[in-house]
S.K.: 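One structure follows; several queries about it will come next.
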Amino acid sequence: MSSPSTIWRPAHVTNRQITFATVLALLAWAFAIYDFILFGTLLPELGKSLGLDAAGQAGLVTWMSAGAVLVGLIAGPVMDKFGRKAGMALATAGAGTASVLTALAAFLPAPVLVLIRSISGLGLSEQGVNGAYLSELYGASDDPRIKKRQGFIYSLVQGGWPIGAILAAALTAVLLPHIGWAGCFVFAAVPSFVVSALSRKLRESPQFEAISKIHRLQKSGAHAEAAAISESLGIEEHHRPSTMADIFRGRSLRTTLALSFGHILNYFPVQVFSVLGTTVITTIHHISFTNSLAILLMSNVIAYLGYLTHGALGDRFGRRNVISFGWILGGIVFTAMIFGPSDFWTVVALYSVGTFFLIGPYSCVLFFVGESYHTRIRGRGAAFVAAVGPIGAILASAAATGILGSGGTWATAAFFFGAVPCIISGFAVLFARKNQHVADPVHTGASAVVETAE
């Protein structure tokens, strides 16, 4: 067996590599959201071209959302088999492909458009890719500033959501009169393809490099060397390829169930209070928002501040606890907004605080998901938890439609399918294990046991 000084280990991760990966991940997520929000913004225009009324458009979106959940799962196996870089390239290319093909919607039947927009699930899986990849890259850094503030740094990346949303709203207002809705989709595809190409220059995560090295040695019959590297780096040997079923086995089962259930439940209030927020407020309290752009900017600024705040708090108090506290408090605040007075500033203040605690914890969620799985299945786990969340949005829309169709009010629908699930989602997250961490194969000594998250 090799001596400790000659045993292979991944190369050192530099701060420059981490900075480049962080910036590229931010851009990838922002442009994925750009495509997502752009489609919602231009849906009325697209619906006119397809001859669809409001009900037809809603049905189309439901099928697209279901397809996006299924397609988004592909990113997990790609990350675990081909690497985190490949996962980012696939996710961003998926967002770009969905955008450019959507430009052809006027010439395609609705079922084909459903298939095209299902590809956007790869773009939405970018947050899972980022959480898995950056949790590994930050975990392998020897810079104490990064180690201490990795959750806060990641919150800057997750902030790509409001950035992408604002870009979509602003650029659509500028470009739509000149190039039409199809041109807007073509324009949106370009930055995603650029980021996908640049992802080739990323540093692969040391954790994936270590797992890949061990697997290659096992395949070539060099079992003694593979065992030596596994022992030296504190990584358990595995003699079979990982599968999606592995995230439902052993210690990972509890993680998958708690985080997936919490994410699905939390998408209920995301759909009710974020996507349909203006409708809920104006219908319940009869408040007219005359400047929708100002409201959009306000909610996205609040969401971004929420990301930064919860990212910093997660580093100090533990990500699981911060997620749970935020979502429970958010549900309580939204309840107060629903049943409280209809005074304009009271409603706006409660809506703002509720949004802060609903959206802000997502800077902890995706990073915590990445920390909660073993390296060999981290991609699958992160992609699965990220992908299943929109199921909650589909269920929330269906449930709200049922309530309203049977003579109920938006107040009832928003409470039972918005505020209540928000509170329950916070408790669901508490069933996950706290204070997880990822392996550090660059600096770990032979006596350390580091892969304890599975």
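The figures here come from the full heavy-atom set of this structure, side chains too, leaving out hydrogens, waters and symmetry mates.
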S.K.: Taking C364's backbone N and O only, do any of them form a donor-acceptor pair with R319's side chain (distance below 3.5 Å, no angle check)?
M.R.: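 Here the side-chain-to-backbone pair does not exist.
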
S.K.: Please report the closest heavy-atom contact between S99 and R117, naming both atoms and the distance.
M.R.: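 That closest heavy-atom pairing would be N-NH1, 4.3 Å.
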
S.K.: Could you give me the CA-CA distance, side-chain angles and deciding distance for R203 and E209, then say whether salt bridge (charged side-chain N to carboxylate O under 4.0 Å, His left out) is met?
M.R.: CA-CA 10 Å; R203 160 68 194 271; E209 289 176 340; 3.0 Å; yes

S.K.: Check whether the ring centres of F325 and H310 lie less than 6.0 Å apart, and answer yes or no.
M.R.: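 Not close enough - the centres of the two rings lie 6.0 Å or further apart.
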
S.K.: Would you call I323 and F368 a side-chain contact if the rule is heavy atoms closer than 4.5 Å?
M.R.: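 In short, these two side chains touch, coming nearer than 4.5 Å.
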
S.K.: Specify the closest pair of heavy atoms between A95 and S192, including all atoms of both residues, with the distance to one decimal.
M.R.: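 Smallest heavy-atom distance, with atoms named: CB-OG, 4.0 Å.
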
S.K.: For Y34, check ring-ring contact (aromatic ring centres under 6.0 Å, His included) against everything at least two apart and list the hits.
M.R.: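 By the ring-ring contact (aromatic ring centres under 6.0 Å, His included) rule, Y34 matches no residue at all.
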
S.K.: Please find the pair of heavy atoms, one from A226 and one from I214, that lie closest to each other, and give the distance.
M.R.: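 It is CB-O, 4.0 Å.
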
S.K.: Only one of F268, F273, F357, W327 passes ring-ring contact (aromatic ring centres under 6.0 Å, His included) with F334; say which it is.
M.R.: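 The residue from F268, F273, F357, W327 that satisfies ring-ring contact (aromatic ring centres under 6.0 Å, His included) with F334 turns out to be F273.
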
S.K.: So F427 and I328, do their side chains get closer than 4.5 Å, heavy atoms only?
M.R.: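 Side chain of I328 against side chain of F427, heavy atoms only: contact under 4.5 Å found.
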
S.K.: Do S252 and I377 touch side chain to side chain, with heavy atoms closer than 4.5 Å?
M.R.: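 In contact.
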
S.K.: Please check if the number of heavy atoms outside W63 that lie under 6.0 Å from its CH2 is greater than 12.
M.R.: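 Result for CH2/W63: open.
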
S.K.: Checking side-chain polar atoms at under 3.5 Å, does Q207 have a donor or acceptor matched by the opposite partner on T375?
M.R.: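 There is no such pair (donor and acceptor under 3.5 Å, judged by atom type) between the side chains of Q207 and T375.
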
S.K.: Check whether any side-chain heavy atom of V114 sits under 4.5 Å from a side-chain heavy atom of S118, and report yes or no.
M.R.: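 Answer yes - side chains close enough.
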
S.K.: Do Y373 and F384 have their ring centres less than 6.0 Å from each other?
M.R.: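 No; F384 has its ring centre 6.0 Å or more from that of Y373.
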
S.K.: Would you check, one step at a time, whether the test side-chain contact (heavy atoms from CB on, under 4.5 Å) holds for L42 with C184?
M.R.: CA-CA 9 Å; L42 295 179; C184 289; 3.8 Å; yes

S.K.: Looking only at heavy atoms, what is the nearest atom pair of A383 and L73, with distance?
M.R.: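 Minimum heavy-atom contact is O-CD2, 4.2 Å.
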
S.K.: Out of D246, I247, V78, V385, which one pairs with R380 under the side-chain contact (heavy atoms from CB on, under 4.5 Å) rule?
M.R.: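 It is I247; the other options fail the test.
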
S.K.: Scan L265, V270, L329, N266 and name whichever one has a side-chain contact (heavy atoms from CB on, under 4.5 Å) with C422.
M.R.: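 Result for side-chain contact (heavy atoms from CB on, under 4.5 Å) with C422: N266.
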
S.K.: Taking the side chain from R84 and the backbone from E136, do they hold a donor-acceptor pair closer than 3.5 Å?
M.R.: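 Checked: no pair found.
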
S.K.: Does W181 have its ring centroid less than 6.0 Å away from the ring centroid of F39?
M.R.: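 No, ring centres 6.0 Å or more apart.
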
S.K.: If only atom types and distance count, is the side chain of N130 paired as donor or acceptor with the main-chain N or O of Q158 below 3.5 Å?
M.R.: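 Not a single qualifying donor-acceptor pair exists.
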
S.K.: Kindly give the heavy-atom pair with the smallest separation between F416 and P421, and that separation in Å.
M.R.: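 Result for this residue pair: O-CD, 3.3 Å.
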
S.K.: With respect to T102, which candidate in L46, L108, I119 satisfies the side-chain contact (heavy atoms from CB on, under 4.5 Å) definition?
M.R.: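 Among L46, L108, I119, the one that satisfies the side-chain contact (heavy atoms from CB on, under 4.5 Å) with T102 is L46.
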
S.K.: Taking A89's backbone N and O only, do any of them form a donor-acceptor pair with T92's side chain (distance below 3.5 Å, no angle check)?
M.R.: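 Yes: the side chain of T92 pairs with the backbone of A89.
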
S.K.: What pair of heavy atoms forms the shortest contact from G311 to S155, and how long is it?
M.R.: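 Answer, listing the atom of G311 first, then S155: CA-CB, 4.0 Å.
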
